[in-house]
Amino acid sequence: MGSKTPVAPPHPHVTVDDVWRGALPPETQMVAGVAGMRREVVWCTALRARSPAFTPLRGGELLLINPQVLTAVDARLTLARLLESLAGQGVAGAAVSGRVSAEARQVADAHGLPLFALPAGIALDQVEQQVLRYVVDRRAELHERAQDLHRQLSELALAGRGLPALLARLHELTGIPVLLEHEARVDYVGAGDRLPEEVGAAIAAERPALDEWLREVPLSAFDPPVALRSLAGGRARLIAPILVQGSIAGFLSLVGSDGELGELHRLAVGRAAHACAIELVRARAARDARDEAEEELLDALTAGRPGSHEATRERAKRKGFDVDAPYLVVAADAPASGKAAKIRGAWERQLSTMRCSALVRERGATTVALISLAGRRTPEPKSLVDQLHRTARAATAAAVALGYGAIRSGATEVAAAAREAEQALAMGRRLFGPDSATAFSDLGLYRLLYALQPLPELRDFRDQALARLRGKDRGGELLKTLAAYLATNGSPTDAADRLHLHRNTVLYRLGRIEDLLQADLRDAEVRLSLHLALKIGDVLDV
């Protein structure tokens with residue numbers, strides 16, 4: 001299929017095929033232009049007997065045409081000539097009341113312009129209203145479902161559940177077989193345990209065409225391109241690349257029959273490919289850490305190498321540490337030379353006084369402690385963390401940043417707990433300062449953004465969203481105002497209170513922001529993009 005492969009736009013959209021099946025009268029017939037059935041419909045307008053015949057066309061319109069009105073517009077005008085003139089204006093398609101000439105069908109087929117024959121005598125104004133209502137309602141439904149898909153899949157990735165869990169959830173959400181091509185292997189989740197041989201052969205044969213397609217489309221891990229490609233035996237697949245650190249790490253596909261794969265499936269496979277990228281980034285980071293780990297007990301536990309859990313569990317028991325009981329991992333950072341050793345010594349003494357079994361280790365400027373909570377009256381770690389924070393400050397006579405993960409148990413969970421503590425430490429220091437104590441569970445969206453930090457697309461998204469504003473924002477006043485406005489759910493009054501400014505000052509700045517960005521801050525999608533860009537800046541800017 002090569003360069004003509006249809007690629008999904010970056011937002012939920014309604015296709016000509018959707019409108020035909022969901023909004024046009026039941027007797028409507030598809031008569032030409034089938035190649036354009038995936039075109040997006042954004043509006044609907046009917047031909048008028050007075051000039052101008054149509055409202056100004058901006059692209060994406062479904063045109064409703066009564067051939068009897070054509071002569072009233074222009075005595076020389078035919079349906080074929082009208083379609084020829086409209087083909088280059090980006091319209092989505094046309095629906096004609098009554099008979100459609102063979103010449104008009106030929107023009108529509110030549111331009112891939114979907115052409116329908118409506119039942120004779122139907123009121124076009126009623127069809128217009130019906131299509132408009134359908135487009136608005138369908139887009140809202142698709143957007144809501146896309147958000148839910150993204151949330152569910154991202155939560156799995158953030159929880160570190162692994163690729164098999166992501167594939168299983170995608171199959172559960174869509175009811176369509178799922179295919180993952182990664183590291184020279186193919187994983188299949190669907191009806192039956194194995195991918196049909198003829199489908200596997202077709203997928204292998206089309207790899208050169210895939211490579212050609214990927215050279216022609218923009219690549220983004222956050223919003224990967226999605227293509228519909230035909231397979232043997234009346235099947236088709238929606239496929240998206242999985243992008244990790246600027247390179248293609250694999251492909252994710254939904255495999256169905258021709259006509260079965262719709263817009264929601266496009267959204268699902270794109271969101272799932274993004275979640276897979278998050279999981280692969282996490283897995284790669286964990287693998288690199290394990291390769292470099294020394295064979296000291298805490299290093300062995302936090303590395304979590306497959307097959308090593310039983311051995312490390314026994315080693316920990318010999319040192320008096322039961323990894324099957326609840327535990328907490330805490331990480332602290334005091335960059336000055338020699339501070340990590342002071343924190344380690346102070347923590348070991350403090351934990352011994354508190355009769356808490358613990359393993360404490362220095363890693364450069366960072367101190368990591370694995371602390372048993374066995375026998376404690378309450379598993380709530382806040383009081384323990386506060387005590388360790390005070391101890392570290394006293395030992396170093398300086399500010400100390402601290403991070404900690406969730407309470408866990410079992411040798412297999414130590415690695416995840418350590419990753420959480422280290423990420424909470426790094427992000428807490430950036431967001432809340434060098435003397436903060438941050439729980440991983442309190443990072444919210446930053447947990448996702450931190451995992452995506454190595455991807456260049458993250459910085460590109462931030463720069464593209466805020467470049468115009470940052471270039472004109474001397475002193476950062478506009479960015480601070482935008483952040484306060486978004487943090488207060490779009491309330492100028494609350495933003496003014498937060499910034500200790502007069503409300504009119506905030507309103508003036510918001511108007512200036514809209515002018516610079518050429519955007520409407522009342523638009524929910526605009527606010528979402530800008531809020532996300534600001535949070536990305538928090539992650540990227542030290």
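We're numbering straight along the sequence, starting at 1.
Ion pair Asp17/Arg21 flagged as a salt bridge, since at least one NZ, NE, NH1 or NH2 atom sits closer than 4.0 Å to an Asp/Glu carboxylate oxygen. Using a 4.0 Å cut-off between a side-chain N of Lys or Arg and a carboxylate O of Asp or Glu, Glu422 and Arg363 qualify as a salt bridge. Residues Glu420 and Arg408 are paired through a salt bridge, judged by an N-O separation under 4.0 Å between the basic side chain and the carboxylate. Between Lys480 and Glu477 no salt bridge is recorded (no basic side-chain N to carboxylate O distance below 4.0 Å). Between Asp515 and Arg512 there is no salt bridge, since no side-chain nitrogen of the basic residue lies less than 4.0 Å from a carboxylate oxygen of the acidic one. One finds a salt bridge joining Arg138 and Glu141 here, because a Lys/Arg side-chain nitrogen approaches an Asp/Glu carboxylate oxygen to under 4.0 Å.
In this structure, a donor-acceptor pair under 3.5 Å is absent between the side chains of Gln129 and Asp125. For the residue pair Arg503 / Thr493, a side-chain donor-acceptor distance below 3.5 Å is found, with atom types taken as modelled.
Within 6.0 Å of CZ on Arg393 lie more than 12 heavy atoms contributed by other residues, nucleotides or ligands. Atom OH of Tyr508 has 12 or fewer heavy atoms from other residues, nucleotides or ligands within 6.0 Å. Residue Arg527 places its CZ atom among more than 12 non-hydrogen atoms of other residues, nucleotides or ligands, all under 6.0 Å distant. Within a 6.0 Å radius of CG in Asn504, more than 12 heavy atoms belonging to other residues, nucleotides or ligands are found.
At least one side-chain heavy atom of Ile122 sits less than 4.5 Å from a side-chain heavy atom of Val127. Counting only heavy atoms from C-beta outward, the side chains of Leu180 and Val189 never approach each other to under 4.5 Å. Counting heavy atoms from C-beta outward, Cys356 and Trp347 have side chains that stay 4.5 Å or more apart. Within the 4.5 Å cutoff, side-chain heavy atoms of Leu328 are placed close to those of Val385. Counting heavy atoms from C-beta outward, Thr391 and Gln387 have side chains that approach closer than 4.5 Å. A 4.5 Å side-chain heavy-atom check between Ile371 and Tyr327 finds every atom pair outside the cut-off. At least one side-chain heavy atom of Leu118 sits under 4.5 Å from a side-chain heavy atom of Pro25. Between Leu469 and Leu479, some side-chain heavy-atom pair lies under the 4.5 Å cut-off.
Put simply, OG1 on Thr45 and CG on Leu57 are 7.5 Å apart, with the number rounded to the nearest 0.5 Å. Atom CD of Gln423 and atom OH of Tyr446 lie 15.0 Å apart (nearest 0.5 Å). Annotation: the span from Glu413 atom CD to Ile407 atom CD1 amounts to 13.0 Å, rounded to 0.5 Å. In this structure, CG in Leu62 is found 12.0 Å from OH in Tyr134, a value given to the nearest 0.5 Å. If you take CG on Leu163 and CG on Leu280, they are separated by 5.0 Å, rounding to the nearest 0.5 Å. Between the CZ atom of Arg462 and the OG atom of Ser529 there is a distance of 15.0 Å, given to the nearest 0.5 Å.
Across Phe461 and Ala533, no two heavy atoms sit closer than the pair CE2-N, 4.0 Å. Taking all atoms of both residues into account, the shortest heavy-atom contact from Val244 to Ala249 is CG2-CB, 3.9 Å. Leu521 and Tyr485 get closest at one heavy-atom pair: O-OH, 3.9 Å. Ala418 and Val329 make their closest contact through CA-CG1, 3.7 Å (heavy atoms, listed as atom of the first residue, atom of the second, distance). Closest approach of Ala484 and Arg498 over heavy atoms only: CB-CD, 4.1 Å. Pro381 and Tyr404 get closest at one heavy-atom pair: CG-CE1, 4.1 Å.
Taking the side-chain hydrogen bond (donor to acceptor under 3.5 Å, both in side chains) definition, one finds that Asp386 meets it with Lys382, sequence neighbours left out. Residues passing the salt bridge (charged side-chain N to carboxylate O under 4.0 Å, His left out) test with Glu144: none are found, sequence neighbours excluded. Taking the side-chain hydrogen bond (donor to acceptor under 3.5 Å, both in side chains) definition, one finds that Thr488 meets it with nothing, sequence neighbours left out.
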Would you sort out whether Thr366 and Leu425 count as a side chain to side chain contact (heavy atoms under 4.5 Å, CB included), showing the intermediate values? CA-CA 10 Å; Thr366 302; Leu425 169 63; 4.0 Å; yes

Between Leu170 and Leu254, is a side chain to side chain contact (heavy atoms under 4.5 Å, CB included) present by the stated rule, with each step listed? CA-CA 9 Å; Leu170 179 59; Leu254 289 175; 4.1 Å; yes

Let me see the working for Thr15 and Val41 under side chain to side chain contact (heavy atoms under 4.5 Å, CB included), right down to the final yes or no. CA-CA 6 Å; Thr15 67; Val41 179; over 6 Å; no

Under the side chain to side chain contact (heavy atoms under 4.5 Å, CB included) rule, what do Glu40 and Val16 come out as? Steps first, then yes or no, please. CA-CA 6 Å; Glu40 181 182 8; Val16 175; over 6 Å; no

For Asp148 and Arg151, run salt bridge (Lys or Arg N to Asp or Glu O under 4.0 Å): C-alpha distance rounded to whole Å, both residues' side-chain angles, the deciding distance at 0.1 Å, then the answer. CA-CA 5 Å; Asp148 184 58; Arg151 177 187 60 78; 2.6 Å; yes

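Counting only distance, with no hydrogens or angles, the side chain of Ser436 and the backbone of Thr438 share no donor-acceptor pair below 3.5 Å. Under a 3.5 Å cut-off, the side chain of Asp473 and the backbone N or O of Leu478 do form a donor-acceptor pair. Without hydrogens or angle criteria, His274 side chain to Pro224 main chain gives no donor-acceptor distance under 3.5 Å. When atom types are taken as modelled, the side chain of Glu61 and the backbone of Cys44 share no donor-acceptor pair closer than 3.5 angstrom.
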